[in-house]
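Structure, as structure tokens:
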Amino acid sequence: MKEPNAILCSDFHLREDTPICRADNFWETQWRKVDFVSDLQKQYNCPVLHAGDLFHRWKPSPYLLSATMEHLPNKFYTIYGQHDLPQHNLELKYKSGIYVLEKAGKLETMDYCSWGQKPKDISSILCGTKEQKILVWHNFTYMGKEPFPGAKGRAHVLLEKHKQFDLIVTGDNHQSFHVLGLNGNLLVNPGCLTRQRANEEMPKVYLWYAETNTVEAIEVPAKRGVVTREHIEKVEERDERIEAFISRLEMEWDKALSFEENMKNFFETNRVRKEVKSIIHKAMEND
């Protein structure tokens, strides 16, 4: 089998703290995943193209920086995601952790399409034995129905709009997918390497083959049962209690009375916790 010309990945979101959805030792988990990418790089000796948000926060501690320097793959190329930038401002990149790593020679930044930038036609990088027109872009991209009202970045639209590129690698959306355009160009959204939210799927990276402009999805080893929805369920239970409380208010509300009088009647005919009464009384006092 032919060896790949690049490893495609994105959104490592390296951090010291633990995401609320994680029930494992996240510090150790994230480095195992980065080491997996490093091992792939050593196996194939090809560039690693990373589509932004290397860090979860733009100002990593010396502890996080030194660990990143120890584990980061060789031939690592990245761009700035919004999480990597102070105030999401590319002009302030010199203050960031990525900038420190570049100065230390641990990675290289690609001078195109970081967060907030538009594609440049000159964007290309030498991968393997041939030069491909590649766009690495930290831009929210999706397939299927809109993930939220007014969402932009539909994959097929981007492929048609930027058909001068053979390969488009996007970051920001933590879901993994790849899609082929009508002109034979390819878009890959690798997704998040470290599951940061309960709704994120198992992490992947992609091996890219320049000659055929095709990719192979590689699942990153991940344990099941270490991502929990408990925090979401607690919020849902709280919301249900609030909705029930409001519905009871609506049923017993007398439009002829003032708000204060209605609340007094409600408290007299319903069991309400003292803490809740106290919050409501304080709100009415400050109104």
* To do: Provide the closest heavy-atom pair for Asn139 versus Leu158 in the form atom of the first, atom of the second, distance.
  => ND2-CD1, 3.7 Å
* Indicate, with yes or no, if Val37 and Met69 share a hydrophobic cluster defined by side-chain heavy-atom contacts under 4.5 Å among Ile, Leu, Val, Met, Phe, Trp and Tyr. => yes
* **Linked, directly or transitively: Phe165 and Phe140 (ILVMFWY side chains, under 4.5 Å)** => no
* **Residue pair Cys46, Ile7: steps toward the side chain to side chain contact (heavy atoms under 4.5 Å, CB included) verdict** => CA-CA 7 Å; Cys46 61; Ile7 299 168; 3.7 Å; yes
* Could you walk me through whether Leu187 and Asn185 pass the side chain to side chain contact (heavy atoms under 4.5 Å, CB included) test, one step at a time? => CA-CA 7 Å; Leu187 185 146; Asn185 53 348; over 6 Å; no
* Under the criterion ring pair (Phe, Tyr, Trp, His ring centres under 6.0 Å), which of Phe76, Phe55, Tyr77 is the partner of His50? -> Phe76
* Structure fact -> dist Ile168:CD1 -> Cys113:SG (nearest 0.5 Å) comes out at 9.5 Å
* Asked: Are any non-hydrogen side-chain atoms of Ser10 and Asn189 less than 4.5 angstrom apart?
  -> no
* Asked: What class does the angle between the rings of Tyr99 and Tyr94 fall in, given that below 30° is parallel, 30 to 60° is tilted and above 60° is perpendicular?
  -> perpendicular
* Starting at CG of Leu40, measure out to CG of Asp35 and round the result to the nearest 0.5 Å. => 11.5 Å
* Hey, could you give me the OH/NZ distance between Tyr209 and Lys2, rounded to the nearest 0.5 Å? => 11.0 Å
* To do: Locate the shortest heavy-atom distance separating Ser176 from Gly191; write the atom from each residue and the value.
  => OG-CA, 3.8 Å
* Could you tell me whether Arg32 and Asp24 make a salt bridge, using a distance below 4.0 angstrom between a side-chain N and a carboxylate O? => no
* Asked: Backbone N or O of Pro221 within a donor-acceptor pair of the Lys33 side chain at under 3.5 Å?
  -> yes
* Asked: Under the side chain to side chain contact (heavy atoms under 4.5 Å, CB included) criterion, do Thr29 and Thr194 qualify, and how do the steps go?
  -> CA-CA 8 Å; Thr29 296; Thr194 55; 6.0 Å; no
* Atom CG of Asn213 and atom CH2 of Trp208: how far apart are they, to the nearest 0.5 Å? -> 6.0 Å
* Partners of Lys163 by salt bridge (charged side-chain N to carboxylate O under 4.0 Å, His left out), sequence neighbours excluded? -> Glu160
* Asked: Could you go step by step and tell me if Asn45 and Glu3 meet the side-chain hydrogen bond (donor to acceptor under 3.5 Å, both in side chains) rule?
  -> CA-CA 9 Å; Asn45 192 30; Glu3 294 190 345; over 6 Å; no
* Structure fact -> In this structure, CG of Asp172 is separated from CG of Asp11 (nearest 0.5 Å) by 6.5 Å
* Same hydrophobic cluster for Tyr80 and Trp58, using side-chain heavy-atom links shorter than 4.5 Å among ILVMFWY? -> no
* Just wondering, do Phe26 and Gln196 contact through their side chains at under 4.5 Å, heavy atoms? -> yes
* Asked: Hey, does Thr78 have a side-chain heavy atom less than 4.5 Å from the side chain of Leu101?
  -> no
* Asked: Using the ring of each side chain (for Trp, its six-membered ring), is His71 parallel, tilted or perpendicular to Trp31, with breaks at 30° and 60°?
  -> parallel
* Asked: With a 4.5 Å heavy-atom cut-off, do Val205 and Leu193 have their side chains touching?
  -> yes
* Which atom pair, heavy atoms only, marks the closest approach of Pro73 to Val48? -> CB-CG2, 4.0 Å
* Any side-chain heavy-atom pair from Leu85 and Leu92 closer than 4.5 angstrom? -> no
* Asked: Once the angle between the rings of Tyr63 and Trp27 is folded into 0 to 90°, is it parallel (under 30°), tilted (30 to 60°) or perpendicular (over 60°)?
  -> parallel
* Asked: Parallel, tilted or perpendicular: which fits the ring planes of Trp137 and His162, with parallel below 30° and perpendicular above 60°?
  -> perpendicular
* **Residue pairs fulfilling salt bridge (Lys or Arg N to Asp or Glu O under 4.0 Å) with at least one residue in residues 95-109, sequence neighbours excluded** => none
* Where do Asp84 and Trp115 land on the side chain to side chain contact (heavy atoms under 4.5 Å, CB included) test, with the steps shown first? -> CA-CA 9 Å; Asp84 298 314; Trp115 170 255; over 6 Å; no
* Check: His83 side chain, His56 main-chain N or O, donor-acceptor pair, under 3.5 Å -> yes
* Asked: Taking C-beta and beyond as the side chain, do Leu167 and Ile134 meet within less than 4.5 Å on heavy atoms?
  -> yes
* Do you know which two heavy atoms are closest between Arg22 and Thr18, and how far apart they sit? -> CB-CG2, 3.7 Å
* Asked: Is the closest side-chain heavy-atom distance between His174 and Arg195 below 4.5 Å?
  -> no
* Asked: Just wondering, do Leu159 and Leu182 contact through their side chains at under 4.5 Å, heavy atoms?
  -> no
* Asked: Taking all atoms of both residues into account, what is the closest heavy-atom pair of Asn5 and Ala210, and its distance?
  -> OD1-N, 2.8 Å
* Are Tyr142 and Leu186 joined in one hydrophobic group, where the rule is that I, L, V, M, F, W and Y side chains link up if heavy atoms are under 4.5 Å apart? -> no
* Shortest non-hydrogen contact between Ile79 and His138, atoms and distance -> CD1-N, 3.3 Å
* To do: Give, for atom CG of Leu107 and atom CG of Leu54, the distance between the pair rounded to the nearest 0.5 Å.
  => 7.0 Å
